[in-house]
Asker: 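Submitted below is the structure of interest, expressed as C-alpha cells.
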Amino acid sequence: MANLKQIPLTCSGHTRPVVHLDFSDLTDCGYFLISACKDGKPMLRLGDTGDWVGTFEGHKGAVWGVALNNKATLAASGAADFTGKIWNAVTGEEVHSLQHNHIVKTVAFDSNSQCLVTGSNEKLVRVFDLNASGSAVESYSGHAGNIKRAIFARNDKYVISCADDKTLRLWDRSAGQETMRVEFTAHPNSLELSRDGNILTVTYGSNVAFFETETLKKMKEIMVPTKVSSASLHPDKQIFVCGGEDFKMYKFDYITGNEIESFKGHFGPVHAVSFSPDGELYASGSEDGTLRLWQTTVGKTYGLWKCTEPTDLNNSVNSSSREVTAN
C-alpha cells in the first residue's frame with residue numbers, strides 16, 4: 001500500500017490570526033465549527049467541509065474565545081471590546097451583549113444552553129443566565145492572572161478555569177467558591193473536556209497533561225517537541241492531537257504517549273486544535289489566518305475527501321495506485 005499523504009482542507013476568509021475554535025455536537029444538519037479571530041469577526045462553517053455559513057458582525061475588537069451550544073442554535077464570542085456576545089447561530093443576529101470591565105478571553109455554554117461562563121482580564125470568572133436577559137448571576141474571584149479558559153464540568157455543577165497565574169481552579173457553583181486547585185510550572189493555555197466529560201486535557205509549556213475530571217488527579221503527562229498551545233483528545237481516547245509554536249500538527253498515541261506523526265501545514269504558530277464530534281477530522285487555527293481540517297484516518301472518503309481505488313475489469317485492486325484527493 002502506497003503511503004497516503006495527509007491533504008488538509010484550508011479554510012480562508014479571516015484576515016488576522018485565528019486564536020480559538022469550537023465544534024457543535026452532531027445535529028440533524030451535520031455539525032458546525034466556529035472560529036475566533038483577531039479580525040473581530042467570528043465565522044461559522046459546516047464542520048465536515050469547512051464551507052462558510054456566515055459571519056457574526058458586531059464586535060469592535062479582536063475576538064479571543066468562541067463557543068457553539070450543542071445544537072448549533074446559539075453561538076457565543078468574547079472580545080477585546082469588553083463584551084461577551086450571544087448570537088442566534090441560525091439568523092446571525094445578536095441576542096445578548098454581556099458587558100465586562102476588561103477583555104473577555106473565553107466563553108462556554110452549559111449543556112442546556114441556559115448559562116454562559118466567561119473569563120476576562122478582570123481575573124474574574126462569571127456565569128450569566130441567558131433566560132434572565134443575560135444578567136451575571138455568579139462571579140468567582142481568586143485567580144491572580146488573566147483568565148485563559150473557563151468551562152462547565154461535572155454535569156454543569158462546577159466551573160473549571162485556568163489562568164496566567166499558573167493555576168487551574170475548580171469552582172463549586174452551589175457553594176459559590178473554589179474547592180480545588182492545580183498548580184503548573186508554566187501558564188496553562190488550553191482546557192478541553194473529553195466527549196464523555198471524564199477527562200480534562202490541559203496544555204502548558206511543552207506538556208500535554210490529562211486529569212480525571214472528578215478528582216483532578218493527573219492521569220498522564222506527555223512532553224511535546226515544541227511549546228504547545230492547544231491539544232484535543234479523540235472521542236475514543238486512543239489518540240490526541242496538539243499544535244504550537246513550531247507550525248506543526250502532532251498526533252500522539254494516548255495510551256503509550258508515543259508520537260505517531262507530525263505534519264507541517266500552517267505558515268505560523270498553531271493556536272487552537274479540536275476534534276470534530278464524530279472524531280473523523282480535527283481542525284486547527286493558526287497565526288497565519290487560516291483554519292485547516294485534517295483527516296483522522298487518511299484515505300477515507302469523508303466530507304470533501306474523495307478516495308479513489310482504480311480497478312480493472314477483473315475487479316482486482318492495484319493498491320499501489322490508490323489516490324487521495326481533496327476537492
Side-chain angles (χ1 to χ4, degrees), residues 8-9 11 13-14 18 20-37 41-58 63 65-78 84-96 106-117 128 130-131 134 149 151-153 155-156 191-199 201 230 232-237 241 272-285 291-297 300-306 326-327:
L9 304 174
C11 309
H14 282 302
V18 177
H20 189 235
L21 47 87
D22 189 42
F23 280 105
S24 71
D25 281 354
L26 291 166
T27 74
D28 297 340
C29 318
Y31 60 91
F32 295 85
L33 172 64
I34 188 173
S35 51
C37 180
K41 296 176 179 171
M43 285 189 181
L44 187 68
R45 298 173 189 274
L46 294 176
D48 59 342
T49 61
D51 288 347
W52 179 81
V53 176
T55 301
F56 300 103
E57 306 262 1
V63 173
V66 283
L68 283 173
N69 69 345
N70 296 339
K71 296 178 181 159
T73 53
L74 292 175
S77 51
K85 289 187 188 292
I86 308 280
W87 312 85
N88 180 319
V90 182
T91 65
E93 285 166 36
E94 188 179 305
V95 181
H96 294 300
T106 176
V107 290
F109 289 99
D110 67 357
S111 51
N112 306 318
S113 311
Q114 305 290 314
C115 293
L116 185 84
V117 62
F128 291 84
L130 300 183
N131 297 323
R149 292 279 159 244
I151 54 176
F152 289 100
N155 297 324
D156 298 331
L191 275 187
E192 183 194 73
L193 212 49
S194 59
R195 264 291 117 198
D196 61 11
N198 294 336
I199 298 178
T201 304
S230 180
S232 185
L233 182 61
H234 191 275
D236 70 12
K237 301 179 191 166
V241 291
V273 301
S274 180
F275 272 107
S276 61
D278 61 4
E280 290 288 350
L281 61 80
Y282 49 101
S284 56
L291 289 160
R292 286 174 200 240
L293 304 181
W294 309 78
Q295 267 191 299
T296 304
T297 307
K300 208 167 175 178
T301 292
Y302 180 84
L304 293 180
W305 288 280
K306 305 279 183 280
N327 299 339

Asker: With the side chain counted from C-beta on, respond yes when Y282 and S232 share a heavy-atom pair under 4.5 Å apart, and no when they do not.
Answerer: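 In short, these two side chains do not touch, never coming nearer than 4.5 Å.
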Asker: Find the distance between CG (L33) and CG (L44) and round it off to the nearest 0.5 Å.
Answerer: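 One finds 8.0 Å between CG of L33 and CG of L44.
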Asker: Hey, is NZ on K71 packed in by over 12 heavy atoms from elsewhere, all under 6.0 Å?
Answerer: no
Asker: For residues F23 and L281, determine if any side-chain heavy atom of one lies less than 4.5 Å from a side-chain heavy atom of the other.
Answerer: yes
Asker: Are S77 and V66 side-chain neighbours, meaning at least one heavy-atom pair lies under 4.5 Å?
Answerer: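 SC-SC contact between S77 and V66 confirmed.
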Asker: Is there a donor-acceptor pair under 3.5 Å between the side chain of N69 and the backbone N or O of L74?
Answerer: yes
Asker: For the residue pair A67 and D22, what are the closest heavy atoms and their distance?
Answerer: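 Of all heavy-atom pairs spanning A67 and D22, the closest is CA-OD2, 3.3 Å.
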Asker: Would C37 and V63 satisfy side chain to side chain contact (heavy atoms under 4.5 Å, CB included), going step by step from the backbone distance to the final call?
Answerer: CA-CA 5 Å; C37 180; V63 173; 5.9 Å; no
Asker: Would you say that T55 contacts E57 through its side chain, given a criterion of any heavy-atom pair below 4.5 Å between the two side chains?
Answerer: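 Yes, their side chains come closer than 4.5 Å.
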Asker: Roughly how far, to the nearest 0.5 Å, is the CG atom of L130 from the SG atom of C115?
Answerer: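 If we round to the nearest 0.5 Å, C115:SG and L130:CG are 6.5 Å apart.
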Asker: Report yes if some heavy atom in the side chain of F56 is under 4.5 Å from a heavy atom in the side chain of I34; otherwise report no.
Answerer: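 In short, these two side chains touch, coming nearer than 4.5 Å.
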Asker: Identify, with sequence neighbours excluded, every residue that meets ring-ring contact (aromatic ring centres under 6.0 Å, His included) alongside H234.
Answerer: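 Per chain and number, H234 pairs via ring-ring contact (aromatic ring centres under 6.0 Å, His included) with F275.
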Asker: Hey, which of D278, T49, D48 is the one that makes side chain to side chain donor-acceptor pair (under 3.5 Å) with Y302?
Answerer: D278
Asker: Would a 4.5 Å heavy-atom cut-off, applied to side chains only, mark E192 and S274 as touching?
Answerer: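 Yes - at least one pair of side-chain heavy atoms lies under 4.5 Å apart.
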Asker: Kindly indicate whether the side chain of M43, heavy atoms from C-beta on, has any atom under 4.5 Å from the side chain of L291.
Answerer: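 Sidechains of L291 and M43: no contact.
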Asker: Looking at side-chain heavy atoms only, is the closest gap between T73 and T27 below 4.5 Å?
Answerer: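 No - every pair of side-chain heavy atoms lies 4.5 Å or more apart.
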Asker: Which pair of heavy atoms, one from A108 and one from F152, lies closest together, and at what distance?
Answerer: O-CE1, 3.5 Å
Asker: Between D156 and S111 (side chain of the first, backbone of the second, donor and acceptor by atom type, cut-off under 3.5 Å), is there such a pair?
Answerer: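 Here the side-chain-to-backbone pair exists.
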Asker: Can you list everything that forms a ring-ring contact (aromatic ring centres under 6.0 Å, His included) with F109? Sequence neighbours excluded, please.
Answerer: none
Asker: Report the distance from atom OG of S276 to atom CD of Q295, rounding to the nearest 0.5 Å.
Answerer: 10.5 Å
Asker: For the CG atom on D196, are there more than 12 heavy atoms of other groups (residues, nucleotides or ligands in this structure) within a distance under 6.0 Å?
Answerer: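 Above 12, so yes.
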